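The model shown is predicted, which means the values in this text are computed figures rather than measured ones. So that the names make sense, note that chain A is the first sequence line, chain B the second, and so on, each numbered from 1.
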2 protein chains.
Amino acid sequence: MHKDTTDLPTGNAPPAASPQPRRARLREAAFTEIKAIARRRLVEQGAEGVSLRAIAREMGMTAPALYRYFASLNDLLLSLQADFFAELSAWITDANTGVPEEDVDGRLLASLRAFRSWALANRAEFALLFGPRPPHQPSGPHEEAALREGQRFASTFLTLFNRLLEEDRIPLPDSGSFTPELCRQLEQFARSAGIAGRHSEGELRVLTACWVRLYGLVCMEVFHNMVFGPDDMEPLFEAELADLLASVGVRYRPPEG
Amino acid sequence: MHKDTTDLPTGNAPPAASPQPRRARLREAAFTEIKAIARRRLVEQGAEGVSLRAIAREMGMTAPALYRYFASLNDLLLSLQADFFAELSAWITDANTGVPEEDVDGRLLASLRAFRSWALANRAEFALLFGPRPPHQPSGPHEEAALREGQRFASTFLTLFNRLLEEDRIPLPDSGSFTPELCRQLEQFARSAGIAGRHSEGELRVLTACWVRLYGLVCMEVFHNMVFGPDDMEPLFEAELADLLASVGVRYRPPEG
DNA sequence: ATGCCGGAGTTAACGGTGTTTGCTAACATT
DNA sequence: AATGTTAGCAAACACCGTTAACTCCGGCAT
């Protein structure tokens with residue numbers, strides 16, 4: 001590498017005049033164009049189809065130029081991960097607009113369905129976020145961004161249950177029966193999700209259980225391994241959703257559409 | 001391709017003398033050596049580390065020679081998938097030796113734990129079987145073998161519940177409340193798992209629910225995405241296992257070890 | 001206005017990959 | 001012994017990630 005000048009885009013571009021940003025704007029535009037093309041190729045051809053040379057070719061450039069923007073191919077993928085996590089978070093919170101603040105059940109239903117709908121509408125992106133990771137590739141500066149957005153997603157997702165927990169409607173398991181190892185794992189989970197110290201062990205236990213079930217349900221549908229053909233399995237999702245919600249004291253409602 | 005002579009190994013080698021098999025034995029040996037090296041590389045370096053050139057180099061051959069055995073790299077991976085499915089099936093049934101035939105609870109517990117233990121001991125293999133698939137790679141003659149073994153695994157897995165169902169201990173959901181779409185999906189699931197026509201809709205509903213939960217639990221642990229550090233999450237698995245088993249009327253028992 | 005510096009982009013190169021084509025040489029069969 | 005089959009080879013094509021050295025031009029300070 002020439003220098004270590006793969007600066008990250010600021011994200012919050014100051015609305016200054018034109019003197020400085022001229023250069024910066026072009027750089028920002030290049031960033032977004034690279035990522036847009038990378039995403040399209042990811043969707044069309046899977047993770048293997050994302051190659052620096054192909055992206056550069058499509059932009060009318062040569063591959064080494066991209067190293068001005070990303071430290072490596074893996075770094076680009078990490079940057080995409082960060083974007084996807086942010087998009088998923090926004091998608092879920094957006095699904096709650098229109099649902100009244102007091103309708104806790106409705107908000108939870110909408111959020112869980114939104115998670116699934118985003119995953120189905122963005123299968124390749126979902127696979128990149130939640131699929132198996134190859135062992136420790138040469139990472140880059142965007143690794144922490146991906147981690148940060150991932151944590152932010154986990155946090156916003158789990159916060160959905162806060163109102164529910166406050167209302168004491170969830171039948172909490174007897175935390176006295178938890179093994180010490182389980183408690184330690186639950187604490188670690190809370191830490192990695194950015195909600196450390198805010199919940200009791202019983203609450204964490206319920207949160208993880210819900211998350212695991214939702215994750216499994218959606219993974220099975222998105223990766224569509226060994227089960228069900230190409231057509232969607234919404235009925236099973238809804239049925240499982242009802243069962244899952246019953247375990248947290250939320251009464252199921254069928255989707256509106 | 002020169003010809004279409006990528007014959008599959010017979011598997012059941014006839015114990016004939018030496019005239020014919022001389023050639024066939026060498027071929028069989030080459031097959032297994034290729035797959036052994038491929039698996040080692042898969043484990044050590046992930047799916048990306050499996051390359052025909054590297055395998056050939058390691059065998060003291062050149063890459064094109066491997067096309068005498070596999071139609072493509074993807075075909076080799078499919079062949080590995082078939083082997084892994086068979087190994088996983090055997091691993092699960094082996095876990096039941098030593099558990100008396102009448103101890104239905106014990107057999108189920110042992111089987112579910114065996115699924116997890118195989119996945120943890122063979123993370124890369126598990127990811128190949130149950131991880132996301134890239135869209136329609138150029139497949140090969142081993143595709144149907146992989147599919148067949150996958151079905152066989154699904155069948156053996158779901159058959160575990162047969163005794164349980166016969167004893168009518170599982171509280172079945174009211175199948176009258178199922179939507180027609182759900183019933184259709186359940187039938188399709190049974191068909192793709194090779195157990196079509198053998199169970200009622202209520203039973204299929206319970207089977208899929210169990211499978212989805214186990215799948216999600218193990219996927220989350222193996223792909224270790226966004227949750228938990230490197231250390232194992234057995235306590236959570238056992239806790240979820242207890243909860244899952246309770247839903248099918250099986251009383252939980254802690255592992256022996 | 002001049003000079004300079006740094007960033008964006010280039011070409012060339014190294015080593016790696018899947019895959020195809022045509023060939024040789026050993027084997028099996030007749 | 002002549003035949004046909006088959007495993008393996010070398011060469012080639014088209015890709016890939018990554019590095020190094022170089023050019024060029026815009027923005028900045030003198």
Atom pairs and distances, side-chain donor-acceptor, residues 42-54 of chain B, under 3.5 Å, sequence neighbours left out:
unit_1 : atom_1 : unit_2 : atom_2 : d
E44(B) : OE1    : R40(B) : NH1    : 3.4
S51(B) : OG     : A54(B) : N      : 3.1

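Taking P235(B) as the reference, T179(A), E181(A), L182(A), Q185(A) meet the side-chain contact (heavy atoms from CB on, under 4.5 Å) condition, with sequence neighbours excluded. Y215(A) is linked by a ring pair (Phe, Tyr, Trp, His ring centres under 6.0 Å) to W211(A), counting only residues two or more places apart in sequence or in another chain. Judged as a side-chain contact (heavy atoms from CB on, under 4.5 Å), and not counting sequence neighbours, the contacts of L244(B) are L112(B), C210(B), R213(B). Listed by chain and residue number, P132(A), F223(B) satisfy the side-chain contact (heavy atoms from CB on, under 4.5 Å) test with A127(B) (two or more places apart in sequence, or in another chain).
The interatomic distance linking R68(B) (CZ) with dG8(D) (P) rounds to 9 Å, in whole Å. Distance CD (E48(A)) to C1' (dC15(D)): 13 Å, rounded to an integer number of Å. As rounded to whole Å, 19 Å separates atom P of dG7(C) from atom CZ of R25(A). For L66(A) and dT11(C), the CG to P distance is 14 Å, given to the nearest whole Å. The nearest whole Å value for the distance from the CG atom in D75(B) to the P atom in dT20(C) is 12 Å. Here the C1' atom of nucleotide dG8(D) and the CG atom of L26(B) are 13 Å apart, to the nearest Å. The distance from atom CD of E28(A) to atom C1' of dG7(C) is 16 Å, rounded to the nearest whole Å. Going from atom OH of Y69(B) over to atom P of dT6(D) covers 12 Å, rounded to whole Å.
Taking the side chain of T62(A) as heavy atoms from C-beta on, and the options dC9(D), dT11(C), dA7(D), the nearest nucleotide is dT11(C).
Side chain R23(B) to base dA28(C): no donor-acceptor pair is found below 3.5 Å.
Among the protein residues, G49(A) comes within range of no part of the nucleic acid, since none of its heavy atoms lies under 4.0 Å from any strand.
Side-chain N/O atoms of N74(B) and S139(B) include no donor and acceptor closer than 3.5 Å.
We find that E149(B) and R152(B) are joined by a salt bridge, their nearest charged nitrogen and carboxylate oxygen being less than 4.0 Å apart.
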Would you tabulate the pairs of protein nitrogen or oxygen atoms and nucleotide nitrogen or oxygen atoms of nucleotides 16-19 of chain C closer than 3.5 angstrom?
unit_1  : atom_1 : unit_2 : atom_2 : d
dT17(C) : OP1    : S51(B) : OG     : 2.9
dT17(C) : OP2    : R57(B) : NH2    : 2.4
dG18(C) : OP1    : L52(B) : N      : 2.6
dG18(C) : OP2    : L52(B) : N      : 3.2
dG18(C) : OP2    : R53(B) : N      : 3.0
dG18(C) : N7     : R53(B) : NH1    : 2.4
dG18(C) : O6     : R53(B) : NH1    : 2.7
dT19(C) : OP2    : Y67(B) : OH     : 2.7
dT19(C) : OP2    : L73(B) : N      : 2.8
dT19(C) : O5'    : Y67(B) : OH     : 2.9

